Participant: 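One structure coming up, written as structure tokens, with questions to follow.
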Amino acid sequence: MLTSEMVKRFGMDCGADVVGIGDMDRFEGCPKEMDPRYVYPDAKSIIGFIFRIPRGYIRGIEEGTHFYQYPSMGYAGINEVAAPTVLYETGKFLEDHGYEAAVFRNTGGRGSVSDMTGRPGAEESPELHGRSVHYTVGVSPELPPPDVFIHFRIAAFICGLGEIGYSKMLLTPQFGPMNRQAFIFTDAPLEPDPLYDGPELCNQCMACVANCPGKCLSLEKKVRVNIAGRDVEWGKLDEWKCFASYMGMNKASNPFLDRHAFDEHPEGEKLIRGEKEILPEEYSWINQKINACYPTEVSGYNPPKCGGCLRACINSLERRGILTNKFKNRFRKGKPWKMNL
Ligand code: SF4
Ligand code: SF4
């Protein structure tokens, strides 16, 4: 008989750092366009895989001298190579035992873009990520529009793999925010893990808020959801602003940016200081300006410049000694760098 222990062991032998299992009923109450039960109605279990992002992948960003390795290895390498390999092998293992494995990897392409806009099914599309994207419609009235796209951090929480921090990042007890996730939905009736109930990971230190160059995380506004009977809360993130900021719009965190790139925008100065809200229809123009300074193609993935919340959180968690993955030397030795505006 196939057991949870067998599946977890197999996933880890294939290369996942941690594997957790949740019950599909824990998705009860989630919005239709994010509910994986529409992807695989017979699924009984969700298997969550954690892939660590080695700390050294962001060393160059922490020093302010090298920005290429993190997007290419920490995003693309994990999302495109490491995680799909584990999903493929573990999926075959499940199917060899007679259970279907609906894989769910991380990707930049999202059909309904509902996660960014909250407007699934709308007829007209604004420009998104520099491309024209058409909103999708459901194939029948009772179904959500494709692509249904799960909330990865909630899915990982459901698998008992960690907490959602104030920054909205998934924090695991091993690696804090330095992780990526991938999932399999299966009709195998596996014993679920409990929700994470270990030592508190996010202590609301707010270092992520203070170290965001784009001022994208709100101190006051919060998002509150109930997941599998537990109240969960994180800070309200302005996704558009974050996207533009980590791509390099913010002068304080992008050494590649042409200081005059946004001069023709009536509020250009506010833009590069993170003092203006970014509208979805502005993103394409902003993206062109940023891409002219450091093209996405350079790294093969969106090249994040800031890493502000991520690096601040690592520093905070390490100082509290809370993570089980220990290092001989501290991640951060002094004050984080910041470009002169
Ligand atoms: S930086 Fe502090 S407040 Fe932000 S997610 Fe990490 S622990 Fe939580
Ligand atoms: S990724 Fe950068 S811009 Fe986005 S919230 Fe974190 S620090 Fe702010």
Side-chain angles (χ1 to χ4, degrees), residues 53 55 57-58 61-62 64 67 70-71 74-75 108 115-116 129 152-153 156-157 161-180 196 198-223 232-257 270-278 283 286-287 290 294 299 301-325 331-332 336-339 341:
I53 305 168
R55 204 181 76 171
Y57 285 12
I58 56 169
I61 301 182
E62 175 67 4
F67 292 75
Y70 178 50
Y75 273 85
D115 57 319
M116 295 293 283
H129 301 201
F152 270 50
R153 294 137 200 210
F157 179 86
L161 291 165
E163 280 178 18
I164 301 175
Y166 190 85
S167 59
K168 201 182 167 187
M169 292 186 285
L170 177 78
L171 309 183
T172 74
Q174 302 84 9
F175 314 112
M178 294 293 280
N179 72 83
R180 302 216 177 284
Y196 177 73
E200 178 185 72
L201 300 171
C202 178
N203 68 345
Q204 312 254 316
C205 69
M206 300 301 166
C208 47
V209 178
N211 284 273
C212 173
K215 305 178 179 66
C216 306
L217 268 165
S218 174
L219 257 185
E220 300 82 28
K221 292 190 196 148
K222 309 210 167 95
V223 175
V232 179
E233 175 182 291
W234 58 80
K236 177 85 187 76
L237 175 70
D238 183 335
E239 278 94 356
W240 283 109
K241 208 169 168 200
C242 167
F243 200 43
S245 297
Y246 83 67
M247 287 286 284
M249 180 194 70
N250 195 282
K251 182 63 186 164
S253 57
N254 183 3
F256 304 97
L257 189 68
K270 282 190 173 173
L271 272 177
I272 63 169
R273 290 176 181 276
E275 290 165 0
K276 180 190 158 349
E277 188 189 347
I278 312 292
Y283 184 74
I286 290 172
N287 198 31
I290 301 165
Y294 193 93
S299 62
Y301 241 61
N302 295 334
K305 308 300 181 316
C306 65
C309 54
L310 182 74
R311 293 186 287 121
C313 190
I314 298 165
N315 182 47
S316 171
L317 292 166
E318 282 191 0
R319 282 181 182 275
R320 287 164 54 212
I322 200 92
L323 300 180
T324 58
N325 190 46
F331 172 68
R332 177 164 287 171
W337 61 271
K338 190 175 171 194
M339 304 281 291
L341 283 170

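One-based numbering, in listed order, for ligands and for the atoms of each. This structure is a prediction, so every number in the text was calculated from the model and none was measured.
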Participant: Any idea which atoms of ligand 2 are less than 4.0 Å away from a heavy-atom of P213?
Facilitator: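 So the answer, numbered in order with elements, is 7 (S).
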
Participant: How close does the nearest protein non-hydrogen atom get to atom 4 (Fe) of ligand 1, and which residue and atom is it?
Facilitator: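 So the nearest neighbour among protein heavy atoms is C208 SG, 2.3 Å.
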
Participant: Going by the order shown, which atoms of ligand 2 are within less than 4.0 Å of some heavy atom of C212?
Facilitator: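 In order of numbering, the contacting atoms are 3 (S), 5 (S), 7 (S), 8 (Fe).
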
Participant: Any idea which protein heavy atom is nearest atom 7 (S) of ligand 2, and the distance to it?
Facilitator: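 Result for atom 7 (S) of ligand 2: C309 N, 3.1 Å.
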
Participant: What's the shortest heavy-atom distance between F331 and E318, and which atoms?
Facilitator: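 That closest heavy-atom pairing would be N-OE1, 3.0 Å.
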
Participant: Please write down residue, atom name and distance for the protein heavy atom closest to atom 8 (Fe) of ligand 1.
Facilitator: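 Minimum-distance protein heavy atom for atom 8 (Fe) of ligand 1 reads C202 SG, 2.3 Å.
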
Participant: Look at atom 2 (Fe) of ligand 1 and say which protein heavy atom is nearest, naming residue and atom and giving the distance to 0.1 Å.
Facilitator: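 Closest protein heavy atom to atom 2 (Fe) of ligand 1: C205 SG, 2.3 Å.
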
Participant: Of the backbone atoms (N, CA, C, O) and the side-chain heavy atoms from C-beta on, which set of M169 has a member under 4.0 Å from an atom of ligand 1: side chain, backbone, both, or neither?
Facilitator: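 No part of M169 is near ligand 1 at this cut-off.
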
Participant: Could you tell me, atom by atom, which parts of ligand 2 come under 4.0 Å of a heavy atom of S245?
Facilitator: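 By the 4.0 Å cutoff, the relevant atoms are 3 (S).
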
Participant: Quick one: look up the protein heavy atom nearest atom 6 (Fe) of ligand 1 and list residue, atom name and how far away it is.
Facilitator: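 Going by distance alone, atom 6 (Fe) of ligand 1 is nearest to C313 SG, 2.4 Å.
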
Participant: Using a 4.0 Å cut-off to any heavy atom of G308, which atoms of ligand 2 qualify?
Facilitator: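 Answer, ordered by atom number: 7 (S).
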
Participant: Ignoring hydrogens, what is the shortest heavy-atom contact between I322 and E200? Give both atom names and the distance.
Facilitator: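 Minimum heavy-atom separation between I322 and E200: CD1-O, 3.6 Å.
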
Participant: Determine the interplanar angle of the W240 and Y283 rings, folded into 0 to 90°, and report it as parallel if under 30°, tilted if 30 to 60°, perpendicular if over 60°.
Facilitator: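 Plane angle between 30° and 60°, so tilted.
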
Participant: Output yes when a side-chain donor or acceptor of S316 lies under 3.5 Å from a complementary backbone atom of A312, and no otherwise.
Facilitator: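 Looks like no, no N/O pair under 3.5 Å.
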
Participant: Near L237, which atoms of ligand 2 are under 4.0 Å from a heavy atom of that residue?
Facilitator: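 It comes down to these atoms of ligand 2: 5 (S).
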
Participant: Could you find the nearest protein heavy atom to atom 5 (S) of ligand 1 and give me its residue, atom name and distance?
Facilitator: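 For atom 5 (S) of ligand 1, the nearest protein heavy atom is S167 OG, 3.4 Å.
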
Participant: Would you mind listing which atoms of ligand 1 come within a distance below 4.0 Å of any non-hydrogen atom of Y166?
Facilitator: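 Answer, ordered by atom number: 3 (S), 5 (S), 8 (Fe).
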
Participant: How far apart are the C-alpha atoms of F243 and I278, what are their side-chain angles, what is the distance that settles it, and do they pass the side chain to side chain contact (heavy atoms under 4.5 Å, CB included) test?
Facilitator: CA-CA 9 Å; F243 200 43; I278 312 292; over 6 Å; no

Participant: For atom 3 (S) of ligand 1, which candidate among R320, R311, M206, K168 holds the nearest heavy atom?
Facilitator: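 Residue with the shortest heavy-atom distance to the ligand atom: M206.
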
Participant: Would you find a donor on one side and an acceptor on the other, under 3.5 Å apart, between the side chain of Y196 and the backbone of T172?
Facilitator: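 No: the side chain of Y196 does not pair with the backbone of T172.
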
Participant: Do R180 and Y75 meet the cation-pi criteria used here (NZ or CZ under 6.0 Å from the six-membered ring centre, within 45° of the axis)?
Facilitator: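 The answer is yes; both the distance and angle limits are met.
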
Participant: Show the numbers, then the answer: is there a side chain to side chain contact (heavy atoms under 4.5 Å, CB included) between K215 and K241?
Facilitator: CA-CA 8 Å; K215 305 178 179 66; K241 208 169 168 200; 4.2 Å; yes

Participant: Test your reading of the model: is there a side-chain donor-acceptor pair from W337 to the backbone of S253, 3.5 Å cut-off?
Facilitator: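 No, the answer is negative, given that no donor and acceptor are paired below the 3.5 Å cut-off.
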
